[in-house]
Engineer: 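I am attaching a structure below and will ask some questions about it afterwards.
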Amino acid sequence: MTLHPEDLRVRQLGERRYDSPLADLLSTKQTSPHYVAEGDRVLLEDTVSMLAGHGLPSDQVPSFEAAGPRRKIYFDPANVTAGVLTCGGLCPGLNNVIRGLVQELAVHYGVKRIVGFRNGLQGLTAQHRDDTVELTPDAVRDIHTAGGTILGSSRGGQDADEMVDSLVARGIDILFVIGGDGGMRAATFLGAAIRRRGLEISVIGVPKTIDNDLPFTDQSFGFQSAFARATDFISAVAVEAAASPNGVGIVKLMGRHSGFIASYAALAANAADIVLIPEIPFVLGGAEGLLAHVERHVRAKGRVVIVLAEGAGQDLLEDHGLATDASGNLKLGNIGELLKDSITAHLTGAGLAPTIRYIDPSYAVRSIAANAYDSVYCLRLAHAAVHAAMAGCTEAAVARWRRRFVHVPLSLMTSRRNQVDPDGDLWLSVLETTCQPAEFGPARQRERVRAGFC
Ligand SMILES: Nc1ncnc2c1ncn2[C@@H]1O[C@H](COP(=O)(O)OP(=O)(O)O)[C@@H](O)[C@H]1O
Ligand SMILES: O=P(O)(O)OC[C@H]1O[C@](O)(COP(=O)(O)O)[C@@H](O)[C@@H]1O
Ligand SMILES: [Mg+2]
């Protein structure tokens with residue numbers, strides 16, 4: 001995937017004519033290992049060979065606009081009305097982001113009117129646009145200690161023009177969309193509809209998802225909290241499997257198309273013998289298949305622990321890929337149940353009747369409050385989002401990229417899916433830790449499309 005400078009350029013609503021209330025804080029700021037000055041840029045790539053591969057002068061290689069406060073801003077804070085919504089699946093840290101946005105807008109920029117739209121994009125329909133939550137620093141003071149979102153969320157599509165009508169009707173100048181890939185796509189269409197109508201409304205995305213499937217962000221907020229919680233279930237199942245004859249522990253974790261939660265939780269628990277993720281197809285039967293490996297493992301060690309991303313092995317299920325949810329996301333078949341049944345039948349047939357311990361924590365990994373790391377991350381993303389919006393950036397998301405905070409055009413945020421790279425160092429760590437074979441079944445020619453920036 002080749003990216004050109006225009007792909008990385010963030011749209012600006014207009015000239016920045018107002019002094020920022022934060023200007024004093026910025027007077028001595030310059031780029032350092034710990035700060036990227038206004039106007040400086042953050043490199044897309046970070047190895048010598050990748051940079052050299054462009055054959056371009058260093059100031060022309062692909063780079064992101066740095067996030068952070070600007071000395072001059074586009075919006076007059078006294079006249080700004082901001083809107084906030086959360087959409088898609090729950091994710092630890094949603095309330096932290098809401099709180100961070102409100103505090104930064106109100107306390108530092110002096111914005112007086114902040115409107116919370118309820119239940120995701122549904123809140124922007126004509127029917128629901130007046131049923132809003134008034135967001136003040138007092139109203140959000142304690143919300144970050146709880147999981148979920150005080151604004152509610154939803155799946156399912158709405159008409160972009162109807163949503164723009166709602167923004168106009170409510171006098172919204174800035175809309176913060178806290179969402180996953182679907183939410184970023186919706187924000188992209190919303191931004192485009194606003195542009196077509198010549199309106200000066202900034203749309204800023206704050207990327208969230210426990211699946212970590214969004215590109216151009218080191219990790220999405222909530223992911224760390226979710227995989228930390230998932231780790232507990234792996235540890236539990238490992239204890240159970242170890243204490244049972246021919247113990248088979250299986251944990252099925254969320255991860256529709258990306259196996260990051262399964263991979264990271266397996267590494268954190270350091271107790272898994274096999275990790276199965278959507279990115280790496282596997283076969284059940286045959287000498288190189290999963291079942292034969294499970295049998296060998298149980299014979300050698302007396303037990304086996306399998307961590308499974310819910311989206312793994314979907315091709316093994318009948319009718320896979322046929323149904324979608326209201327947002328157009330694939331509805332998954334239950335690979336956990338298939339594995340449980342196949343392993344039971346196979347081991348019983350091999351004279352190793354197993355004791356199966358199967359846990360599907362499902363929503364339990366995402367409905368929790370953010371951990372300390374994610375809490376900091378959410379707050380800093382919220383600050384970056386407010387600075388971007390007040391400066392007049394639009395159709396952009398804020399993200400952390402190679403440890404720096406940057407602005408990513410929404411179109412880029414939705415241009416691809418972040419997945420575990422079978423040739424990357426994360427998966428190598430999983431293989432080193434589990435000692436499982438690189439593939440179950442005949443080696444296949446993997447698409448190299450996934451190798452890239454994430
Ligand atoms: N291509 C799209 N165009 C417009 N809206 C979309 C699109 N994809 C998703 N959405 C909307 O974005 C919202 C969030 O999407 P969803 O996939 O449910 O969650 P997430 O944002 O967590 O990925 C939903 O209301 C959905 O209808
Ligand atoms: O919330 P639902 O509709 O049950 O969907 C569950 C899905 O949501 C997720 O938790 C997160 O998905 P999103 O990032 O798209 O919201 C997935 O891991 C899981 O497959
Ligand atoms: Mg999604």
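As the structure lists them, so they are numbered: ligands from 1, and atoms in each ligand from 1.
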Engineer: Check this for me, if you would: do R197 and D165 make a salt bridge, where the nitrogen-to-carboxylate-oxygen distance has to be below 4.0 angstrom?
Structural biologist: yes

Engineer: Under 3.5 Å, is there a donor-acceptor pair between the T132 and R170 side chains?
Structural biologist: yes

Engineer: Of the side chain and backbone of K208, name the one, both, or neither that has a heavy atom under 4.0 Å from an atom of ligand 1.
Structural biologist: side chain

Engineer: Classify the angle between the aromatic ring planes of F216 and F64 as parallel (below 30°), tilted (30 to 60°) or perpendicular (above 60°).
Structural biologist: perpendicular

Engineer: In D181, which N, O or S atom comes closest to the Mg ion (ligand 3)?
Structural biologist: OD1

Engineer: How far is atom 5 (N) of ligand 1 from its nearest protein heavy atom, and which residue and atom is that?
Structural biologist: A186 CB, 3.5 Å

Engineer: Just jot down the ligand 1 atoms closer than 4.0 angstrom to any heavy atom of G89, in number order.
Structural biologist: 22 (O)

Engineer: May I ask you to check whether over 12 heavy atoms, not counting those of Q12, lie within 6.0 Å of atom CD?
Structural biologist: yes

Engineer: For atom 9 (C) of ligand 1, state which one of C87, G120, G182 supplies the nearest heavy atom.
Structural biologist: G182

Engineer: Donor-acceptor check, side chain of R41 to backbone of S63, threshold 3.5 angstrom: yes or no?
Structural biologist: yes

Engineer: Compute whether any side-chain donor of one residue and acceptor of the other, for S225 and D374, lie under 3.5 angstrom apart.
Structural biologist: yes

Engineer: Can you list the atoms of ligand 1 that are under 4.0 Å from a heavy atom of G156?
Structural biologist: 24 (C), 25 (O), 26 (C), 27 (O)

Engineer: Got an N, O or S from D211 under 2.8 Å of the Mg ion (ligand 3)?
Structural biologist: no

Engineer: In the protein, what heavy atom is nearest to atom 18 (O) of ligand 1, and what distance, to one decimal place, separates them?
Structural biologist: S327 OG, 2.6 Å

Engineer: From the options V36, L8, L44, V42, select the one residue that forms a side chain to side chain contact (heavy atoms under 4.5 Å, CB included) with V406.
Structural biologist: V42

Engineer: Are R9 and E6 within salt-bridge range, i.e. N to O under 4.0 Å?
Structural biologist: no

Engineer: Please verify whether a non-hydrogen atom of N329 lies at under 4.0 Å from ligand 1.
Structural biologist: yes

Engineer: Can you see whether Q224 engages Y264 through a side-chain donor-acceptor pair at a distance of less than 3.5 angstrom?
Structural biologist: no

Engineer: Would you call F176 and I98 a side-chain contact if the rule is heavy atoms closer than 4.5 Å?
Structural biologist: no

Engineer: Among protein heavy atoms, which lies nearest atom 23 (O) of ligand 1, and at what distance?
Structural biologist: D181 OD1, 2.6 Å

Engineer: Can you confirm, on distance only, whether ligand 1 has an N/O atom lying under 3.5 Å from any N/O atom belonging to L121?
Structural biologist: no

Engineer: Geometry only, no angles: is R185 polar-contacting ligand 1 at N/O separations under 3.5 Å?
Structural biologist: no

Engineer: Answer whether the closest heavy-atom distance between the side chains of L267 and S429 falls below 4.5 Å.
Structural biologist: yes

Engineer: Within the structure, is a non-hydrogen atom of G328 found at a distance of less than 4.0 Å from ligand 1?
Structural biologist: no

Engineer: Whether E65 and R70 form a salt bridge (side-chain N of Lys/Arg under 4.0 Å from carboxylate O of Asp/Glu) is what I want to check.
Structural biologist: yes

Engineer: How would you list, by chain and number, the residues with a heavy atom under 4.0 angstrom from ligand 2?
Structural biologist: G88, G89, R155, D181, K208, T209, I210, D211, M254, G255, R256, E310, Y363, R366

Engineer: Please report which non-hydrogen protein atom sits nearest to atom 14 (C) of ligand 1, along with the residue it belongs to and the distance in Å to one decimal place.
Structural biologist: G183 N, 3.6 Å

Engineer: Are any of the N/O atoms in F189 less than 3.5 Å from those in ligand 1?
Structural biologist: no

Engineer: One thing to verify: whether D46 and R402 come together as a salt bridge, which I'm taking to mean a side-chain N less than 4.0 angstrom from a carboxylate O.
Structural biologist: yes

Engineer: Purely on distance, is any nitrogen or oxygen of G180 under 3.5 Å from one on ligand 1?
Structural biologist: yes

Engineer: List ligand 1 atoms under 4.0 Å from R155, heavy atoms only on the residue side.
Structural biologist: 16 (P), 17 (O), 18 (O), 19 (O), 25 (O)

Engineer: Is the closest N or O pair between M184 and ligand 1 shorter than 3.5 Å?
Structural biologist: no

Engineer: Taking distance alone, with no angle check, do G157 and ligand 1 share an N/O pair under 3.5 Å?
Structural biologist: yes

Engineer: Is any side-chain heavy atom of E337 less than 4.5 Å from a side-chain heavy atom of I335?
Structural biologist: no

Engineer: Determine, for R195 against E395, whether the closest basic-nitrogen to carboxylate-oxygen distance falls under 4.0 angstrom.
Structural biologist: yes

